[in-house]
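Being a predicted model, the structure only gives us computed values, none of them experimental.
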2 protein chains.
Amino acid sequence: MDDESCDMRGMLGFLILFLVSKKPMHGKEIADEIAKRKGEKPSPGTLYPAIKNLREAGFLDEEKEGKTITYALTPSGKKALTVAKRKFCKIFLGVFP
Amino acid sequence: MDDESCDMRGMLGFLILFLVSKKPMHGKEIADEIAKRKGEKPSPGTLYPAIKNLREAGFLDEEKEGKTITYALTPSGKKALTVAKRKFCKIFLGVFP
DNA sequence: ATAGTTATATCGGTCATCCGATATATATAA
DNA sequence: TTATATATATCGGATGACCGATATAACTAT
């Protein structure tokens, strides 16, 4: 999710940001959507720390209702996603058919 | 580059495999192509171990000419790339405009 | 021959990602 | 109330990605 360096390590965060941008979701929904795409559900020990990072970076807002927390992009998160998406498309140009 | 798990950590290897599939290249060319796409050239300490992994996995053939080594996909590498590409597209469906 | 450049490669260390197991808190059911 | 399920969260440990520095080997000057 950074700018510089050759880092490909932010893909999970990027994917979460992208999914939430299409529709505000809570953690379970995010996990299910990733499972549908990847074929394997991320373990809680994978997903929630990633969400926490995005929250602490100011990219996600949370709205608690009972035990579920619905996440949505902040304006800063929207901006970060736009930048990250542009970068992603440039890096992987030609991979998509 | 694996099959199971929710691992997004093999993106560099995937990208190398994809680039080499379009045209056999040596390490320097791969680094330059990544630099063009990413905006930052991977350090040798990043690139060559990644190439080595792919070679040891049987996905890359090498042909030495003087000091340069040209890498090309093996049949097994082609197969792996096809699988990885299909998975990649499914995961990131909708990210590309 | 000697020096410099280029391509490939390894090493040490840091951090992110990931999983499985476990913990907490809320809601639902018996 | 007590048990069970659900959603969120943390912990320990493993591995991958990454950089900077350094090493080797082969060309290319001078």
Quiz item: In terms of the nearest nucleotide of DNA chain C, which residue is placed more toward the 5' end: B:Arg55 or A:Ala50?
Solution: B:Arg55
Practice problem: Starting at atom CD1 of A:Ile51, determine the distance to atom P of D:dT10, rounded to an integer number of angstrom. | Solution: 11 Å
Practice problem: Starting from the 5' end of DNA chain D, give me the residue, A:Tyr71 or B:Lys64, whose nearest nucleotide shows up first. | Solution: A:Tyr71
Quiz item: Can you tell me how far P of D:dA29 sits from NZ of B:Lys67, to the nearest Å?
Solution: 10 Å
Practice problem: Would you mind classifying the nucleic acid contact of A:Gly27 as base, sugar-phosphate or nothing, using non-hydrogen atoms under 4.0 angstrom? | Solution: sugar-phosphate
Quiz prompt | DNA chain D: 5'-proximal contact among A:Thr68 and A:Pro49 (nearest heavy atom) | solution = A:Thr68
Quiz item: Within the pair B:Lys28 and C:dA7, is there a side-chain N or O less than 4.0 Å away from OP1 or OP2?
Solution: yes
Quiz prompt | Gap between atoms CD and P, on A:Glu56 and D:dT8 respectively (whole Å) | solution = 17 Å
Quiz prompt | Options C:dT6, C:dT17, D:dA9, nucleotide nearest the side-chain atoms of A:Tyr48 | solution = D:dA9
Self-check item: Atom pair distance, as rounded to whole Å: CG in A:Leu15 and C1' in C:dC18
Solution: 15 Å
Exercise. Answer with base, sugar-phosphate or nothing: what part of the nucleic acid does B:Gly66 contact at a heavy-atom distance below 4.0 Å?
Key: sugar-phosphate
Quiz item: Can you tell me how far P of C:dA16 sits from CG of A:Leu47, to the nearest Å?
Solution: 17 Å
Practice problem: Could you check how far CD1 of A:Ile30 sits from C1' of D:dA9, rounded to whole Å? | Solution: 14 Å
Quiz item: What nucleotide among D:dA9, C:dA9, D:dT8 has an atom nearest to a side-chain atom of B:Pro44?
Solution: C:dA9
Practice problem: In whole angstrom, give the distance that lies between atom CG of B:Asp32 and atom P of C:dA7. | Solution: 8 Å
Exercise. Keeping the roles fixed (side chain from B:Glu29, backbone from B:His26), state whether a donor-acceptor pair exists under 3.5 Å.
Key: yes
Quiz prompt | Pair A:Phe18 and B:Phe92, ring centroids less than 6.0 Å apart | solution = no
Quiz prompt | Donor-acceptor pair, side chain of B:Arg55 and main chain of B:Glu62, under 3.5 angstrom | solution = no
Quiz item: Under 4.0 Å between a side-chain N or O of B:Lys52 and OP1 or OP2 of C:dT10?
Solution: yes
Quiz prompt | Straight-line distance of B:Leu60 CG to B:Ser76 OG, nearest 0.5 Å | solution = 9.5 Å
Practice problem: Provide, to the nearest angstrom, the distance between the CD1 atom belonging to A:Ile69 and the P atom belonging to C:dT24. | Solution: 17 Å
Quiz item: Taking A:Thr46 for the side chain and A:Pro42 for the main chain, is one N or O donor matched with an acceptor at less than 3.5 Å?
Solution: no
Practice problem: Ignoring backbone atoms, test whether A:Thr46 places a side-chain nitrogen or oxygen under 4.0 Å from the OP1 or OP2 oxygen of C:dT17. | Solution: no
Quiz item: So, is A:Ser43 near the phosphate of C:dC18, with a side-chain N or O under 4.0 Å from OP1 or OP2?
Solution: no
